[in-house]
Colleague: 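The structure is given below, and queries will be raised subsequently.
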Protein chains: 2
Amino acid sequence: MSNNQFKKGELYSFITGKASTAMARRLQKNFKQHGIEITIEQWSVLYHLWKQDGLSQQELCSATFRDKPSITRLVDNLEKLKLVKRVASKEDRRMNLINLTEAAKKLQDQTMDMANQTLNEALGGVTAEEIEICKSVLQRVYDNLK
Amino acid sequence: MSNNQFKKGELYSFITGKASTAMARRLQKNFKQHGIEITIEQWSVLYHLWKQDGLSQQELCSATFRDKPSITRLVDNLEKLKLVKRVASKEDRRMNLINLTEAAKKLQDQTMDMANQTLNEALGGVTAEEIEICKSVLQRVYDNLK
DNA sequence: GACATATAGTTAGTTATGCAACCAATTCAA
DNA sequence: TTGAATTGGTTGCATAACTAACTATATGTC
């Protein structure tokens, strides 16, 4: 049992570990080299708006697994960059609906290509089956803890 | 091919995604509930010092996958908490050797138990084989990108 | 209608990360 | 042995994260 726990302890370093940040940093670098001056955190917000424009900040919280203050500032910074605009909802005046600008729409294809390319690099030598298992493990870890 | 890429795109959200931060947050909460006022980032530094005391900051960089400024500040904060002490190396006066205090040594057993417990919760319903595959995928992702 | 409660979003404070520029000690080479 | 390059560490700046406390709108109950 203590042996088993030690093995799990090793996994801990991988999960908190740096595969994800290595990927984030690589993607960020690709953006920068192509003159795209957004952070991957900002990109992850745009990612969900590209799938569906006009989400509320609360919906962005759920979609990106962030808390409210985090989304407030990410939207602040995206607004400064003129990539989104807050629009007060008419049905519920507490809500801000976040709308993409034309500039943000233009970023979609370009950055999605870079993201896919980064993923191809990252997943070199990994089979589709292993990917599925890894996805499902990470999903269960998340579900177990949330 | 584009189908394949879409599947990978989904993985991206899992890898950058929040399994790791969910685990970190849970462990942090466990610490707090037991009156242990350190962050999991600070804990991850102590973790390596428990395995081997007196590492240099550079060695802590490699061990924790962080850059030099990050370690400088984490050690700053650990020093404020009187959990470590910087000691200039006698062989190479550029180096700080980081030594655990007695207070830090006392934290080891307690926090390791909590970490193992958090991992057991996180890995509920995941087989040992799946864990191994997941570890190996994350390791390859890291190696592909570093 | 009035008060309690819940929900959407913001603000303030602390910690952490990445990058770039920097200083100081060491090593290497002409 | 002197000058260049390397290595270990620090500082400044910007972005982002979590917690807690706050405002404002909306809902629900008596």
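Here the structure is a predicted model, which is why all the values come from computation and not from measurement. Naming: A, B, ... by sequence-line order, numbering from 1 per chain.
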Colleague: Select base, sugar-phosphate, or nothing to describe what A:Asp76 touches, counting heavy atoms under 4.0 Å on all strands.
Modeller: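 A:Asp76: no heavy atom of the nucleic acid under 4.0 Å.
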Colleague: If you measure only the distance, is there a donor-acceptor pair under 3.5 Å linking the side chains of A:Ser44 and A:Arg66?
Modeller: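 Result is yes, a qualifying pair exists.
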Colleague: Rounded to whole angstrom units, what separation is found between the CD atom of B:Glu37 and the C1' atom of C:dT14?
Modeller: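 One finds 12 Å between C1' of C:dT14 and CD of B:Glu37, rounded.
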Colleague: Quick one: is D:dT15 close enough that its OP1 or OP2 comes under 4.0 Å of any side-chain N or O from A:Thr39?
Modeller: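 Answer is no, no contact under 4.0 Å.
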Colleague: What is the separation between atom CG on A:Leu74 and atom C1' on C:dG9, rounded to the nearest whole Å?
Modeller: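 Going from CG in A:Leu74 over to C1' in C:dG9 covers 14 Å.
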Colleague: Which parts of nucleotides 18-29 of chain D does protein reach within less than 4.0 Å, heavy atoms only, written one letter per nucleotide 5' to 3' as B for base, S for sugar-phosphate only and - for none?
Modeller: BBB----BS---
Colleague: For a quick check under 3.5 Å, do A:Asn96 and A:Gln57 share a side-chain donor-acceptor pair by atom type?
Modeller: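 Yes.
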Colleague: Is the closest side-chain donor-acceptor distance between B:Arg140 and B:Ser136 under 3.5 Å?
Modeller: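 Checked: B:Arg140/B:Ser136 side chains pair up, N/O donor to acceptor below 3.5 Å.
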Colleague: Let me know, please, whether A:Ile71 or B:Asn77 comes out on the 5' side of the other along DNA chain C by nearest nucleotide.
Modeller: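 With A:Ile71 and B:Asn77 compared, the 5'-side residue is A:Ile71.
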Colleague: What is the distance from CG of A:Leu60 to P of C:dT10, rounded to the nearest Å?
Modeller: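 After rounding, the gap between these two atoms is 12 Å.
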Colleague: To the nearest angstrom, how far is B:Arg86 atom CZ from D:dG9 atom C1'?
Modeller: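 Rounded to the whole Å, the gap is 8 Å.
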Colleague: So, does A:Gln28 get its side chain near the phosphate of C:dT17, meaning an N or O under 4.0 Å from OP1 or OP2?
Modeller: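 Answer no for this pair, as no side-chain N or O of A:Gln28 is under 4.0 Å from OP1 or OP2.
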Colleague: Using distance alone, with no hydrogens and no angle criterion, decide if B:Gln139 and B:Asp143 have a side-chain donor and acceptor under 3.5 Å apart.
Modeller: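 Short answer, yes.
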Colleague: OG1/B:Thr111 to NE2/B:His34 distance, rounded to the nearest 0.5 angstrom?
Modeller: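 Here the interatomic distance stands at 11.5 Å.
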Colleague: Atom CE of B:Met95 and atom P of D:dT10: how far apart are they, to the nearest Å?
Modeller: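 After rounding, the gap between these two atoms is 13 Å.
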Colleague: In whole angstroms, how far is the P atom of D:dT7 from the CD atom of B:Gln58?
Modeller: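 One finds 9 Å between P of D:dT7 and CD of B:Gln58, rounded.
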Colleague: Going from NZ on A:Lys29 to CD1 on A:Ile40, what distance comes out if it is rounded to the nearest 0.5 angstrom?
Modeller: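 It comes to 14.0 Å.
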Colleague: Rounded to the nearest 0.5 Å, what separation is found between the CG atom of A:Leu27 and the CE atom of A:Met114?
Modeller: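 So the CG of A:Leu27 and the CE of A:Met114 are separated by 8.0 Å.
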Colleague: What is the distance from CD of A:Glu41 to P of C:dG18, rounded to the nearest Å?
Modeller: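 So the two atoms are 10 Å apart, to the nearest Å.
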Colleague: When you get a sec, tell me which of C:dA16, D:dT10, C:dG9 is the closest nucleotide to the side chain of B:Gln57?
Modeller: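 Of the options given, the side chain of B:Gln57 lies nearest D:dT10.
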Colleague: Using whole Å, what does the distance between atom C1' of nucleotide D:dA14 and atom CD1 of A:Ile40 come to?
Modeller: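 Whole-Å distance recorded here is 15 Å.
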